[in-house]
Amino acid sequence: MPIRRVVDWTNGAPMKGFPTIEEVERADKEQLARWYRFLPSGETAADHKIMKRIAERFEKLGGMNPQLSKKIGM
């Protein structure tokens with residue numbers, strides 16, 4: 001299985017794989033927005049579980065707005 005690289009948007013350094021559930025639970029709204037927008041859809045059940053939790057927390061915190069979208073970019 002190839003190693004997937006994901007950008008850690010907190011400092012721009014590449015990192016391996018998805019964040020952990022613990023990292024998702026500690027993340028602020030901006031970090032959740034970056035993961036929500038930039039992480040790939042995922043290949044495993046664990047990836048899908050993480051993406052689902054990112055989406056749940058992000059939406060609970062108010063989701064995307066024009067200012068946040070502009071801040072994190074495309």
Side-chain angles (χ1 to χ4, degrees):
M1 175 186 236
I3 295 175
R4 292 173 298 145
R5 294 181 71 81
V6 176
V7 174
D8 174 357
W9 296 102
T10 58
N11 66 12
M15 66 180 205
K16 291 182 185 178
F18 276 55
T20 65
I21 288 291
E22 293 80 16
E23 290 170 322
V24 171
E25 296 302 329
R26 289 191 314 259
D28 63 13
K29 184 177 178 180
E30 184 176 328
Q31 181 61 61
L32 292 167
R34 291 177 192 282
W35 286 331
Y36 187 83
R37 179 167 285 175
F38 297 114
L39 279 176
S41 59
E43 298 175 0
T44 68
D47 292 348
H48 291 250
K49 181 179 176 182
I50 291 168
M51 284 302 294
K52 182 177 178 183
R53 186 61 184 142
I54 289 169
E56 289 170 350
R57 286 208 60 232
F58 184 56
E59 291 304 318
K60 186 176 180 181
L61 293 173
M64 194 64 72
N65 61 53
Q67 295 80 15
L68 182 56
S69 181
K70 185 176 180 178
K71 185 174 186 179
I72 67 172
M74 278 297 214

In plain terms, say whether Arg34 and Glu30 are close enough for a salt bridge, that is, a side-chain N and a carboxylate O under 4.0 Å apart.
yes
Main-chain N/O of [Y] paired to [X] side chain as donor or acceptor, under 3.5 Å:
{"X": "Arg37", "Y": "Gly73", "value": "yes"}
{"X": "Glu23", "Y": "Thr20", "value": "yes"}
{"X": "Lys29", "Y": "Gly63", "value": "yes"}
{"X": "Arg53", "Y": "Val24", "value": "no"}

Measure the shortest side-chain to side-chain distance between Leu39 and Pro19 over non-hydrogen atoms and say whether it is less than 4.5 angstrom.
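Side chain of Leu39 against side chain of Pro19, heavy atoms only: contact under 4.5 Å found.
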Heavy-atom check, side chain of Phe58 versus side chain of Leu68, under 4.5 Å
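Counting from C-beta outward, Phe58 and Leu68 do come under 4.5 Å.
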Rounded to the nearest 0.5 Å, the CD atom of Glu25 sits from the CG atom of Leu32 at a distance of 9.0 Å
For the atom pair CG (Asn65) and NZ (Lys70), what is the distance rounded to the nearest 0.5 Å?
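Reported value, rounded in 0.5 Å steps: 12.5 Å.
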Test side chain to side chain contact (heavy atoms under 4.5 Å, CB included) on Phe18 and Ile54 and set out the steps.
CA-CA 11 Å; Phe18 276 55; Ile54 289 169; 5.5 Å; no
For Ile50 against Ile21, the heavy-atom pair lying closest together:
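Result for this residue pair: CG1-CD1, 3.8 Å.
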How close do Met64 and Ala33 get, heavy atom to heavy atom, and via which atoms?
CE-CB, 4.2 Å
Non-neighbouring partners of Glu22 that pass salt bridge (Lys or Arg N to Asp or Glu O under 4.0 Å), sequence neighbours left out
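Testing Glu22 for salt bridge (Lys or Arg N to Asp or Glu O under 4.0 Å), a comparison that skips the adjacent residues, returns none.
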By salt bridge (Lys or Arg N to Asp or Glu O under 4.0 Å) - contacts of Lys52 (at least two apart)
none
